[in-house]
Amino acid sequence: MDNRIKLTEALLRVFEGLRLSAYMDSGGVWTIGYGHTEGVVKGDLCTAAQAELWLWNDCSNLFNMVSRLSPVAAAAYVSFGYNCGASKLANVLMGHDTILNPIHSTDRHGITLVGLQARRSLEAALIE
């Protein structure tokens, strides 16, 4: 397995945690597994194996975006993209935005979250 994938999965497992039943995230979105949101509804359940598959599928396009970066930087950028979305990652990679932008430490309602501040600080440190 590529070091980018190993490092990214380790970061995401720490930041996202594994939850086998659907829960409402801080932004009001139904979420399951390691932060998977697509098609999730209240009451959904998954296995650890399904969560792993979703994690891989949800990250695959992000890995393509950072394929030329060092494994550590790639893992940090994919972690950011997983949390904020591929379009936000694209903006950061093109230099139109920065991971340290305070807006990336808030939930969907603009509330600053200490956990997101810590996550962005670690991602930024790994990139430098």
Q: Nearest 0.5 Å, what's the SG-CE distance between Cys59 and Met65?
A: 12.0 Å
Q: Let me confirm one number: the CG-CZ distance from Asp58 to Phe63, rounded to the nearest 0.5 Å.
A: 11.0 Å
Q: If I compare all heavy atoms of Ala22 with all of Gly43, which pair ends up nearest, and what's the gap?
A: CB-N, 4.2 Å
Q: Distance from Thr31 atom OG1 to Asp44 atom CG, nearest 0.5 Å?
A: 11.0 Å
Q: Which atoms form the tightest heavy-atom contact between Ser26 and Asp107, and what is the distance?
A: O-OD2, 3.5 Å
Q: Minimum heavy-atom separation for Ala86 and Asn61, please, with both atom names.
A: CB-ND2, 3.8 Å
Q: I'd like to know whether Leu116 forms a side chain to side chain contact (heavy atoms under 4.5 Å, CB included) with Asn83, so could you lay out the CA-CA distance, the side-chain angles of the two residues, the decisive distance to 0.1 Å, and finally the verdict.
A: CA-CA 9 Å; Leu116 283 180; Asn83 184 240; 3.3 Å; yes
Q: Which pair of non-hydrogen atoms, one from Gly33 and one from Ala51, has the smallest distance, and what is that distance?
A: CA-CB, 3.7 Å
Q: Any idea which heavy atoms bring Gly35 and Glu16 closest together, and the distance?
A: CA-OE1, 3.6 Å
Q: Measuring from Leu100:CG to Ser121:OG, what's the distance to the nearest 0.5 Å?
A: 7.0 Å
Q: To the nearest 0.5 Å, what is the distance between OH (Tyr82) and CG (Leu55)?
A: 5.0 Å
Q: Hey, does Val92 have a side-chain heavy atom less than 4.5 Å from the side chain of Tyr77?
A: yes
Q: Check for me, please, whether Val78 and Leu126 land in the same ILVMFWY cluster - side-chain distances under 4.5 Å, paths through other members count.
A: no
Q: Looking at side-chain heavy atoms only, is the closest gap between Ile99 and Ile127 below 4.5 Å?
A: yes
Q: Check whether the side chains of Asn101 and Arg120 place a donor and an acceptor atom closer than 3.5 Å, and report yes or no.
A: no
Q: Grouping I, L, V, M, F, W and Y whenever their side-chain heavy atoms are under 4.5 Å apart, do Val66 and Ile5 come out in a common cluster?
A: yes
Q: Under 4.5 Å between side-chain heavy atoms, counting indirect links through other Ile/Leu/Val/Met/Phe/Trp/Tyr residues: same cluster for Leu18 and Ile32 or not?
A: no
Q: Are Leu12 and Phe80 in one and the same hydrophobic cluster, where Ile, Leu, Val, Met, Phe, Trp and Tyr link if side-chain heavy atoms are under 4.5 Å apart?
A: yes
Q: Just by distance, with hydrogens left out, do Ser79 and Arg119 show a side-chain donor and acceptor under 3.5 Å apart?
A: yes
Q: Are Trp30 and Trp54 grouped together when hydrophobic residues (ILVMFWY) are joined by side-chain heavy atoms under 4.5 angstrom apart?
A: yes
Q: What's the shortest heavy-atom distance between Asp25 and Gly27, and which atoms?
A: OD1-N, 2.9 Å
Q: With no hydrogens and no angle check, just 3.5 Å: does a side-chain donor-acceptor pair link His104 and Asp97?
A: yes
Q: Would a 4.5 Å heavy-atom cut-off, applied to side chains only, mark Leu20 and Thr47 as touching?
A: no
Q: Checking the side chain of Thr106 only, and the main-chain atoms of Ile103 only, is there a donor and an acceptor separated by less than 3.5 Å?
A: yes
Q: Does the structure place the NZ or CZ of Arg13 under 6.0 Å from the centre of the six-membered ring of Tyr34, at an angle of no more than 45° from the ring's axis?
A: yes
Q: CG of Leu89 to SG of Cys84: how many Å apart, nearest 0.5 Å?
A: 9.0 Å
